[in-house]
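A, B, ... follow the sequence lines: proteins, then strands. Residue 1 opens every chain.
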2 protein chains.
Amino acid sequence: MATTIRDVAEAAGVSAMAVSKVLHGTGSTVRVSAQTAANIRRVAADLRYQPNRLARSFRQQKTNTIGLVFSHFGRIGEADGYFAALLNGAMTATFQSEYSLTICPKLAMSSTNGQLNDGRFDGLLWCKPDYTRESAESIGLSKMPIVMMHAPAGEGPEVPRFCCDNEQGLRLAVTHLVELGHRKITFLSDHFNHTTAEGRVRTAAFMSAMAEHGLTCREDELLYWSQECDEMAEFVSAPDRPTAMIMFSELHAVYALRKAEQLGISVPGDLSVIGYDSTAFCETTRPRLTAISQPIEQMAYDATTKLIAYIEAEKTESHFFIYPCGLDIRESTGHPIHRESK
Amino acid sequence: MATTIRDVAEAAGVSAMAVSKVLHGTGSTVRVSAQTAANIRRVAADLRYQPNRLARSFRQQKTNTIGLVFSHFGRIGEADGYFAALLNGAMTATFQSEYSLTICPKLAMSSTNGQLNDGRFDGLLWCKPDYTRESAESIGLSKMPIVMMHAPAGEGPEVPRFCCDNEQGLRLAVTHLVELGHRKITFLSDHFNHTTAEGRVRTAAFMSAMAEHGLTCREDELLYWSQECDEMAEFVSAPDRPTAMIMFSELHAVYALRKAEQLGISVPGDLSVIGYDSTAFCETTRPRLTAISQPIEQMAYDATTKLIAYIEAEKTESHFFIYPCGLDIRESTGHPIHRESK
DNA sequence: TTGAAAGCGCTACCAA
DNA sequence: TTGGTAGCGCTTTCAA
């Protein structure tokens with residue numbers, strides 16, 4: 001079939017070992033003269049020899065490939081910058097180190113007997129863990145390095161995590177709204193994200209930030225939208241509806257902005273909206289989106305770099321890396337004027 | 001180290017073949033009794049046996065993995081929906097068929113002796129080919145199925161291509177602008193995209209659409225921006241500047257909208273802007289972006305599905321799949337009022 | 001400085 | 001209905 005290392009060896013009149021040594025620098029005890037090496041290289045080029053990476057990986061038990069796992073979304077958002085930022089960070093780190101990146105939305109589900117390590121990956125970058133019993137068990141059992149993003153402290157297996165300071169982020173957002181005069185504020189997520197570890201943490205962080213200002217938001221006043229937020233109309237028509245909403249992500253915020261416009265609700269006049277992530281995307285919305293910021297690309301880059309370090313060092317440590325949040329105030333938040341004057 | 005198929009076979013008192021047959025259904029001539037099968041399954045679960053996919057792939061010369069190649073961008077845009085749509089289409093198709101997707105921004109560059117097939121992939125989804133001599137040669141030589149997206153007819157190797165009808169798209173855009181009263185129109189790309197096959201085709205299509213209306217745009221009046229379009233200020237201050245711009249992508253359009261706002265140029269009052277792709281993202285810009293539409297996700301889905309079909313059929317055909325473009329008129333285009341009245 | 005042998009984990013093929 | 005043998009392409013280890 002294809003030219004193998006043995007074909008090259010034969011044609012060059014040397015052993016396969018010599019070829020391997022020359023072309024891949026492998027085999028520490030093997031030594032080849034400069035002349036032989038040059039000859040081998042020439043023959044390889046003549047025969048259009050292409051090393052079989054699969055065979056190498058198999059032999060070395062090392063694929064130089066990282067799996068990108070995100071259990072919860074088989075689709076990525078088309079109207080926000082989150083996934084792009086994540087991927088940019090992960091790609092930069094992997095490609096720098098000559099690794100490849102394979103997308104596995106549901107590795108845990110497809111694994112056998114709860115084992116993640118099927119030989120394809122040297123390590124996993126696991127995003128938005130949901131810590132179902134299966135996935136937590138699998139992660140605990142795995143011998144392969146795993147690093148997590150958006151995995152807050154306090155639950156889940158002991159692996160390195162990269163997470164933003166959700167408490168700080170929500171405190172900034174709530175304080176901003178309170179200073180603008182808002183009293184009735186709610187937090188919005190969706191049924192999907194709410195089952196992730198970070199979903200729970202953000203909700204709790206919102207509640208306690210509210211409490212710090214002597215405000216409350218009952219459990220049943222939190223909002224969980226389905227994908228296209230059809231509940232918006234119902235929500236805004238309620239007599240005692242909130243004057244401000246903090247959203248789980250940019251995507252949620254965008255849906256809200258769009259729906260608000262359709263319904264004739266002005267933002268920020270009738271309703272203030274705060275998003276989460278604050279990518280370049282927030283500059284393009286109408287109005288520009290005020291958002292809690294986290295350095296997603298940097299986090300993904302750091303997480304991936306760390307993962308590769310663990311792989312190469314053949315040992316993992318269980319650190320928790322926390323990134324500060326900011327609040328980028330743009331145009332979607334303001335005083336609750338209209339409501340007061342009515 | 002890890003439990004192998006032989007460990008399971010030994011523990012169950014059967015041959016490795018029997019285990020392979022039961023757990024993977026492989027080996028057509030092998031038959032195992034229901035009782036033996038049940039026993040094998042139990043033992044495998046007890047031993048927490050995890051099949052080594054790398055070994056299977058190596059043996060079968062089949063990885064069930066598709067490489068996603070995009071030679072030109074090591075980064076993806078964070079402020080448009082293009083890549084997300086592409087990825088959603090590709091992911092849906094691959095995951096449906098139990099394939100994986102590996103991101104390879106520069107497979108062609110890293111290949112040895114111009115050979116793409118290093119054993120890792122069963123096929124390639126190649127986006128935005130640039131047809132450098134090396135890549136064209138590699139593609140021609142490759143025995144592995146390759147399918148291209150955004151590869152217009154007329155140049156490049158004979159592989160199946162999935163492309164939108166650029167001529168139609170640009171005709172729709174130019175006609176729309178002309179009907180609004182515009183006469184001085186330009187097309188904007190960047191140095192990056194202009195080197196891709198589709199970049200050249202869109203420029204040519206723009207020129208001929210202009211010609212159909214008796215309008216011209218000289219080569220030197222076309223715009224090629226660098227990433228952040230810093231030339232914008234210079235461009236808009238020119239006395240005879242265009243009243244409308246058609247952009248290579250949404251991303252370009254967004255940069256233009258943002259820059260225009262900074263410079264106090266009103267859109268569409270002072271300047272009409274048309275983007276390309278028309279993802280959900282266009283609904284979120286300010287003003288909403290008028291854009292030529294192409295069904296990216298569908299195209300990516302179809303291309304990937306076709307690729308998998310070729311892989312499984314072990315033969316490729318060289319079809320050209322063309323998708324109609326539309327024009328989604330939103331708010332970024334209008335009569336060139338301000339200019340006329342000045 | 002070079003070569004030979006063995007084997008990574010799995011499955012195709014042939015024999016019983 | 002089951003098992004044995006061989007080998008995918010490469011590299012590790014040991015011998016020359």
To the nearest angstrom, how far is [X] atom [atom1] from [N] atom [atom2]?
| X | N | atom1 | atom2 | result |
| --- | --- | --- | --- | --- |
| B/Asp118 | D/dC10 | CG | P | 11 Å |
| B/Lys21 | C/dA12 | NZ | P | 10 Å |
| A/Arg120 | C/dC10 | CZ | P | 14 Å |
| A/Arg59 | C/dA5 | CZ | P | 16 Å |
| A/Tyr49 | D/dG9 | OH | P | 10 Å |
| B/Arg6 | D/dT5 | CZ | P | 12 Å |
| A/Arg56 | D/dC10 | CZ | P | 9 Å |
| A/Ile5 | C/dG3 | CD1 | C1' | 13 Å |

In chain order, what residues pass the side chain to side chain contact (heavy atoms under 4.5 Å, CB included) check against B/Ala12, with sequence neighbours excluded?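 Partners of B/Ala12 under the side chain to side chain contact (heavy atoms under 4.5 Å, CB included) test: B/Val14, B/Asn39, B/Ile40, B/Val43.
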Which nucleotide sits closest to the side chain of [X]: [options]?
| X | options | result |
| --- | --- | --- |
| B/Met17 | C/dC10, D/dC10, D/dG4 | D/dG4 |
| A/Gln61 | C/dC8, C/dT11, C/dG3 | C/dC8 |
| A/Gln60 | C/dG3, D/dT11, C/dC10 | D/dT11 |
| B/Thr36 | C/dT11, D/dT11, D/dT2 | D/dT2 |
| A/Asn52 | D/dC10, C/dT11, C/dG3 | D/dC10 |
| B/Ser33 | D/dC8, C/dT2, D/dT1 | D/dT1 |

If you fit an axis to the five pairs at each end of the helix from C/dT1-D/dA16 to C/dA16-D/dT1, how big is the angle between those two axes, to 10 degrees?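 Nearest ten degrees gives 40° for this helix.
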Tell me whether B/Phe58 and D/dC8 count as stacked here, given that the ring centres must be under 5.5 Å apart and the planes must differ by less than 30 degrees.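 B/Phe58 ring centre within cut-off of D/dC8 base, planes near parallel; stacks.
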Rounded to the nearest 0.5 Å, what's the gap from CD1 on B/Ile103 to CD1 on A/Ile103? Could you check?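 Result: 4.0 Å between the selected atoms.
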To the nearest 0.5 Å, what is the distance between CG (B/Asn64) and NZ (B/Lys62)?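 If I round to the nearest 0.5 Å, the distance is 3.5 Å.
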Check residues 312-320 of chain A and write down every donor-acceptor pair under 3.5 Å in which the side-chain atom is one partner and the other belongs to a residue at least two apart or another chain.
from     : atom 1 : to       : atom 2 : distance (Å)
A/Glu312 : OE2    : A/Tyr99  : OH     : 2.6
A/Glu317 : OE2    : A/Tyr310 : OH     : 3.4
A/Ser318 : OG     : A/Glu158 : OE1    : 3.2

When you compare the side chains of B/Arg120 and A/Ser57, does any donor N or O come within less than 3.5 Å of an acceptor on the partner?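 Result is no, nothing qualifies.
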Tell me whether the OP1 or OP2 atom of D/dG4 has a side-chain N or O from B/Ser15 closer than 4.0 Å.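 Negative; the distance criterion is not met.
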Listing request: all salt bridge (Lys or Arg N to Asp or Glu O under 4.0 Å) pairs with a residue in residues 295-304 of chain B, at least two apart in sequence or in separate chains.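 Sorted pair list: A/Arg75-B/Glu297.
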Answer with base, sugar-phosphate or nothing: what part of the nucleic acid does A/Ser57 contact at a heavy-atom distance below 4.0 Å?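 A/Ser57: no heavy atom of the nucleic acid under 4.0 Å.
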B/Ala34 vs A/Ala16, nearer the 5' end of DNA chain D by closest nucleotide: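 Taking each residue's closest nucleotide, the earlier one in sequence belongs to B/Ala34.
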Who pairs with B/Arg56 by salt bridge (Lys or Arg N to Asp or Glu O under 4.0 Å), at least two apart in sequence or on another chain?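 For B/Arg56, no residue satisfies salt bridge (Lys or Arg N to Asp or Glu O under 4.0 Å) once neighbours in sequence are set aside.
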Under the salt bridge (Lys or Arg N to Asp or Glu O under 4.0 Å) test, which residues partner A/Arg59, sequence neighbours left out?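 So A/Arg59 forms no salt bridge (Lys or Arg N to Asp or Glu O under 4.0 Å) with any residue.
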